[in-house]
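Residue numbers start from 1 in every chain, and the chains themselves are labelled A, B, ... in the order their sequence lines are given, proteins ahead of strands. Computed over heavy atoms, backbone and side chain alike; hydrogens, waters and symmetry mates excluded.
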2 protein chains.
Amino acid sequence: MISFINCENCADIKMTIFDVLSAKEKELLYKNHSCATYRKGEIIYKEGEKPIGLISLSEGKAKIFKEGVGGRDQIIRMASSVSFIGYRALFSGDNYTSSAVALEDCMVCIIDKESLFTVLESNSKLAVNIIRFMARELGISNSRTVTLTQKHIRGRLAESLLFLLETYGTEEDNITIKVYLSREDVANLSNMTTSNAIRTLSAFASENVISISGRKIKILYLKKLQKISELG
Amino acid sequence: MISFINCENCADIKMTIFDVLSAKEKELLYKNHSCATYRKGEIIYKEGEKPIGLISLSEGKAKIFKEGVGGRDQIIRMASSVSFIGYRALFSGDNYTSSAVALEDCMVCIIDKESLFTVLESNSKLAVNIIRFMARELGISNSRTVTLTQKHIRGRLAESLLFLLETYGTEEDNITIKVYLSREDVANLSNMTTSNAIRTLSAFASENVISISGRKIKILYLKKLQKISELG
DNA sequence: ACTTTTGTATGTTTTATAACATAAGTGCAC
DNA sequence: GTGCACTTATGTTATAAAACATACAAAAGT
């Protein structure tokens with residue numbers, strides 16, 4: 001847990017990745033961090049901009065997406081608190097190659113780039129943690145490349161729903177996915193048009209695999225959804 | 001340059017990523033490395049296997065691919081000497097999530113996992129280099145996810161040809177792509193069926209954008225190919 | 001309360017691409 | 001050299017998904 005204990009906004013940041021830091025190192029990061037809030041729909045960072053630090057999403061949910069060929073967005077990641085966003089460009093030294101938009105009111109904590117790299121160079125354990133973290137992300141990305149290209153619409157949508165379930169969990173009823181997405185976002189996550197996302201969600205609902213009420217989606221028949229996802 | 005100067009096989013390994021190592025550290029890696037050769041078509045590693053070390057492709061070319069839903073492969077990376085392969089699983093602690101096959105006779109150099117991690121924990125500069133390297137790979141992977149899903153066949157094939165050109169360069173004539181791939185490999189790289197790869201290559205040839213003689217592909221009109229790739 | 005905008009839903013048409021079929025060419029084994 | 005398997009080539013058909021069209025519902029602004 002990073003010791004941002006003096007910062008009321010970041011007090012709850014639990015980043016096991018920082019477990020390996022000394023008190024002094026944590027202090028340096030703490031001294032050089034800042035907080036910001038974003039309202040639902042606001043841009044946290046944008047494709048082409050230069051990263052100024054490591055952004056940790058302390059509260060709220062965000063979508064990370066790239067603009068595609070015909071202006072069609074592809075969501076490449078759904079972020080939930082607490083996790084890092086925008087770290088790829090920061091580490092590679094590029095400008096952002098994707099954008100982040102708040103899906104609900106968000107609180108972020110930005111650790112200054114210079115300080116982070118100072119700590120990174122002094123503490124190889126942190127660096128190894130980050131390598132491990134990024135290796136997992138790369139695995140997810142490669143996997144998505146295959147499923148998004150090879151699975152059919154139903155398979156892709158089923159996978160997305162499972163993915164949302166895993167990422168955001170459920171409400172108290174244990175079946176309602178705890179995220180509030182437009183059909184367009186669902187489509188952009190699943191590589192399909194909005195029409196087809198609506199259509200296929202309806203199909204799943206009429207098959208009693210899920211139930212829809214507005215943007216709230218309940219998973220009624222998990223096994224079947226998993227099967228649809230696997231079969232592609 | 002990693003000081004594998006005593007190893008006749010690895011003498012030519014120039015990995016700037018290891019520049020930051022001390023003589024002692026290089027020595028440790030050297031002592032704990034081994035070499036292997038693979039003939040064209042042989043499997044270097046396979047999806048599901050456990051990584052035993054960091055593999056550096058010292059000579060030859062290889063394709064890295066994942067098996068998709070209907071047994072259809074998706075090539076996620078084309079590797080050329082000198083570069084690392086199979087590092088993702090090594091760093092994440094997983095088993096391999098992709099396979100590597102030699103496209104021509106290959107020589108690899110395997111640095112023992114334990115030794116690598118020892119050096120990695122003692123030298124944060126190496127770790128930072130690896131973080132930077134992986135961040136770039138993640139960017140490429142995300143980018144490919146979007147282009148492979150959103151571009152049309154012609155755009156995807158054009159992009160693949162440009163990608164091969166960039167990765168492997170040309171023969172002495174400056175226009176023949178320096179790699180010898182089956183149409184099936186081209187298809188698996190571009191997310192299309194073999195038929196469509198053949199068809200679209202023929203189309204490009206009849207438009208004088210490329211010329212084909214067997215598996216040798218010449219880029220006749222680079223600008224046009226780039227345009228086809230951009231338009232999608 | 002009323003219009004305007006935005007999102008959702010669903011039917012119809014069109015199109016890109018896969019699937020299938022077949023033939024010709026190429027390289028390899030014997 | 002001859003036969004066999006594999007690759008390349010190309011035409012035809014089938015189909016999944018996009019594009020388009022329209023209607024309705026919900027939210028937002030006036």
K.L.:
Any donor-acceptor pair under 3.5 Å linking the side-chain atoms of A:T145 with those of B:T145?
P.N.:
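Distance-only check passes for B:T145 and A:T145.
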K.L.:
B:D112: which residues meet the side chain to side chain donor-acceptor pair (under 3.5 Å) condition with it, sequence neighbours left out?
P.N.:
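Testing B:D112 for side chain to side chain donor-acceptor pair (under 3.5 Å), a comparison that skips the adjacent residues, returns B:S115.
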K.L.:
Hey, does B:S99 have a side-chain heavy atom less than 4.5 Å from the side chain of B:E67?
P.N.:
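A side-chain contact is absent here, since even the closest heavy-atom pair is not under 4.5 Å.
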K.L.:
Distance to the ring centre below 6.0 angstrom and angle to the axis at most 45 degrees; does that hold for A:R144 and A:F163?
P.N.:
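Positive - A:R144 is close enough to the ring of A:F163 and near enough to its axis.
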K.L.:
Listed in order of residue number, which residues of residues 147-155 of chain B have a non-hydrogen atom at under 4.0 Å from DNA chain C?
P.N.:
B:H152, B:I153
K.L.:
Short of 4.0 Å, heavy atom to strand atom, which residues of residues 175-187 of chain B count as contacting DNA chain D?
P.N.:
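Only B:S182, B:R183 qualify.
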K.L.:
Sorted by first residue and then second, give each ring pair (Phe, Tyr, Trp, His ring centres under 6.0 Å) pair with at least one member in residues 43-81 of chain B; sequence neighbours left out.
P.N.:
B:Y45-B:Y96
K.L.:
Tell me, please, which residues at least two apart from B:E104 pass side chain to side chain donor-acceptor pair (under 3.5 Å).
P.N.:
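If we apply the side chain to side chain donor-acceptor pair (under 3.5 Å) test to B:E104, skipping adjacent residues, the hits are B:K61.
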K.L.:
Does any residue of residues 196-217 of chain B have a heavy atom under 4.0 Å from DNA chain C, and if so, which ones, in number order?
P.N.:
B:N196, B:R199
K.L.:
For B:N188, what residues pass the side chain to side chain donor-acceptor pair (under 3.5 Å) criterion, not counting sequence neighbours?
P.N.:
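Residues passing side chain to side chain donor-acceptor pair (under 3.5 Å) with B:N188: none at all.
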K.L.:
What pairs of residues pass the salt bridge (charged side-chain N to carboxylate O under 4.0 Å, His left out) test when at least one of them lies in residues 160-170 of chain A, not counting sequence neighbours?
P.N.:
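Output for this query is empty, none listed.
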K.L.:
Which string of ( ) [ ] | and . matches DNA chain C, if you list each base 5' to 3' and count Watson-Crick or G-U pairs only when both distances are under 3.5 Å?
P.N.:
||||||||||||||||||||||||||||||
K.L.:
Scan residues 174-198 of chain B for pairs that pass salt bridge (charged side-chain N to carboxylate O under 4.0 Å, His left out), counting only residues two or more places apart or in two chains.
P.N.:
B:K63-B:D185
K.L.:
When the side chains of residues 211-221 of chain B are checked against the rest of the protein, which donor-acceptor pairs come out under 3.5 Å, sequence neighbours left out?
P.N.:
{"from": "B:K216", "atom 1": "NZ", "to": "B:E171", "atom 2": "OE2", "distance (Å)": "2.9"}
{"from": "B:K218", "atom 1": "NZ", "to": "B:D173", "atom 2": "OD2", "distance (Å)": "3.4"}
{"from": "B:K218", "atom 1": "NZ", "to": "B:T176", "atom 2": "OG1", "distance (Å)": "3.1"}

K.L.:
Give the rounded distance in Å between these two atoms: CG of A:N191 and C1' of C:dA16.
P.N.:
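Rounded to the whole Å, the gap is 14 Å.
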K.L.:
Can you pull out every salt bridge (charged side-chain N to carboxylate O under 4.0 Å, His left out) where at least one residue sits in residues 85-97 of chain A? Sequence neighbours excluded, please.
P.N.:
A:R88-A:D94
K.L.:
Is the shortest side-chain N to carboxylate O distance from B:E137 to B:R132 below 4.0 Å?
P.N.:
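No salt bridge links B:E137 with B:R132.
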